[in-house]
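Notes follow once the structure below has been shown.
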Number of protein chains: 2
Amino acid sequence: MPDSLRRFKADIFQALAHPTRIAIMDLLEGGELSAGDLMERLGMEQANISQHLAVLRGKQLVANRKVGNKVFYSVRDPIIIEVLALMRRYFQCHLKEALGLLDEMDDTPIEVDR
Amino acid sequence: MPDSLRRFKADIFQALAHPTRIAIMDLLEGGELSAGDLMERLGMEQANISQHLAVLRGKQLVANRKVGNKVFYSVRDPIIIEVLALMRRYFQCHLKEALGLLDEMDDTPIEVDR
DNA sequence: CGCATCTATGCGAACTTTCGAATATACAGA
DNA sequence: TCTGTATATTCGAAAGTTCGCATAGATGCG
């Protein structure tokens with residue numbers, strides 16, 4: 001496998017390698033949302049969300065369509081959704097060690113952004 | 001989903017987000033290899049390989065067992081292999097844009113990855 | 001037009017990642 | 001033990017990422 005393709009792969013992983021961008025992809029799995037929707041749901045700075053969206057756009061992980069004032073984002077390829085689903089399975093399998101590496105986790109809702 | 005779990009997920013992606021580490025995982029998919037084997041196959045500095053292995057170990061993506069002088073590495077969970085396989089499918093689907101995003105591409109034919 | 005709303009971009013400081021060089025540790029064999 | 005081989009770690013410079021703040025562009029409404 002040529003190194004250029006490995007760089008491409010690594011870039012995709014890099015694009016997913018941020019909690020906010022994971023959160024964005026998770027939300028978009030449920031269907032199209034506008035940048036403002038994402039901002040509201042994640043409770044983060046407008047510029048910050050926009051920057052993260054720019055990263056996801058740059059790697060073509062999301063599609064965007066403009067409607068009037070707003071820009072609606074969606075997951076561009078279902079394969080990525082499958083990847084995220086596999087990852088969920090991975091975390092379930094390794095929950096214990098995940099918890100070891102982390103600190104908090106029960107099923108009481110957590111305030112830190114949802 | 002709590003933010004802590006998203007951070008955990010993002011960390012896994014981060015661990016995969018480097019061409020050399022992708023290459024290591026690809027090689028390990030074929031079975032256990034020693035650090036030296038990897039070094040030889042990838043033709044990179046010993047310290048560099050060792051540092052990348054440390055990253056993969058840190059996120060528990062690889063297992064290692066010591067045999068005498070050597071340390072043999074292997075992929076710790078088959079789910080990760082599935083993720084890599086899915087990614088291969090993704091790249092095949094998006095090969096065109098993959099090549100578009102890359103710049104350097106000589107005229108030697110591209111072996112589309114195993 | 002003027003003004004509000006929604007989204008994107010540029011900037012700079014703080015932080016993280018990456019690399020090679022040097023060094024350290026661990027084991028095997030004589 | 002001393003020597004060689006295999007692997008890991010530490011250090012520091014260069015490069016990359018992330019954030020908030022400020023600002024820019026685009027659209028809609030009156």
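Throughout, protein chains are lettered first and strands after them, A, B, ... in sequence-line order, and every chain is numbered starting at 1.
Listed by chain and number, the residues in a side chain to side chain donor-acceptor pair (under 3.5 Å) with Asp37(A) are Ser34(A) (sequence neighbours excluded). Evaluation of the side chain to side chain donor-acceptor pair (under 3.5 Å) rule for Glu29(A) yields Arg88(A) as partners, not counting sequence neighbours. A search for side chain to side chain donor-acceptor pair (under 3.5 Å) contacts involving Thr20(A) returns nothing, not counting sequence neighbours. A search for side chain to side chain donor-acceptor pair (under 3.5 Å) contacts involving Asp26(A) returns nothing, not counting sequence neighbours. For Leu86(A), the side chain to side chain contact (heavy atoms under 4.5 Å, CB included) partners two or more places apart in sequence, or in a different chain, are Arg89(A), Ile79(B), Glu82(B), Val83(B), Leu86(B). The salt bridge (charged side-chain N to carboxylate O under 4.0 Å, His left out) check on Glu45(A) picks up nothing, with sequence neighbours excluded.
A heavy atom lying under 4.0 Å from DNA chain D marks the following residues of residues 65-75 of chain A, by number: Lys66(A), Gly68(A), Asn69(A).
As rounded to whole Å, 15 Å separates atom C1' of dT7(D) from atom NE2 of His52(B). Summarising the geometry, the separation between CE on Met44(A) and C1' on dC21(D) is reported as 15 Å, rounded to the nearest angstrom. The interatomic distance linking Leu56(B) (CG) with dA8(D) (P) rounds to 12 Å, in whole Å. Atom CG in Asn64(A) sits about 15 Å away from atom P in dA26(D), given to the nearest Å.
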Per-pair distances, 0.1 Å, donor-acceptor, side chain in residues 47-57 of chain A, under 3.5 Å, sequence neighbours excluded:
| from | atom 1 | to | atom 2 | distance (Å) |
| --- | --- | --- | --- | --- |
| Asn48(A) | OD1 | His52(A) | NE2 | 3.1 |
| His52(A) | ND1 | Arg21(A) | NH1 | 3.1 |
| Arg57(A) | NE | Tyr73(A) | OH | 3.2 |

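Taking 4.0 Å as the cutoff to heavy atoms of chain A, we find the contact window on DNA chain C bounded by dT5(C) to dC11(C).
Applying the ring-ring contact (aromatic ring centres under 6.0 Å, His included) definition to pairs two or more places apart or across chains, none involves residues 21-45 of chain B.
Hydrophobic clustering, defined by side-chain heavy atoms of Ile, Leu, Val, Met, Phe, Trp and Tyr closer than 4.5 Å, groups Val67(B) together with Phe72(B).
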Pairs: protein N or O with nucleotides 9-17 of chain D N or O, under 3.5 Å:
| from | atom 1 | to | atom 2 | distance (Å) |
| --- | --- | --- | --- | --- |
| dT10(D) | O4 | Gln51(B) | NE2 | 3.0 |

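A donor-acceptor pair is defined here as one N or O able to donate and one able to accept, closer than 3.5 Å; such a pair exists between the side chain of Arg76(B) and the backbone of Gln60(B).
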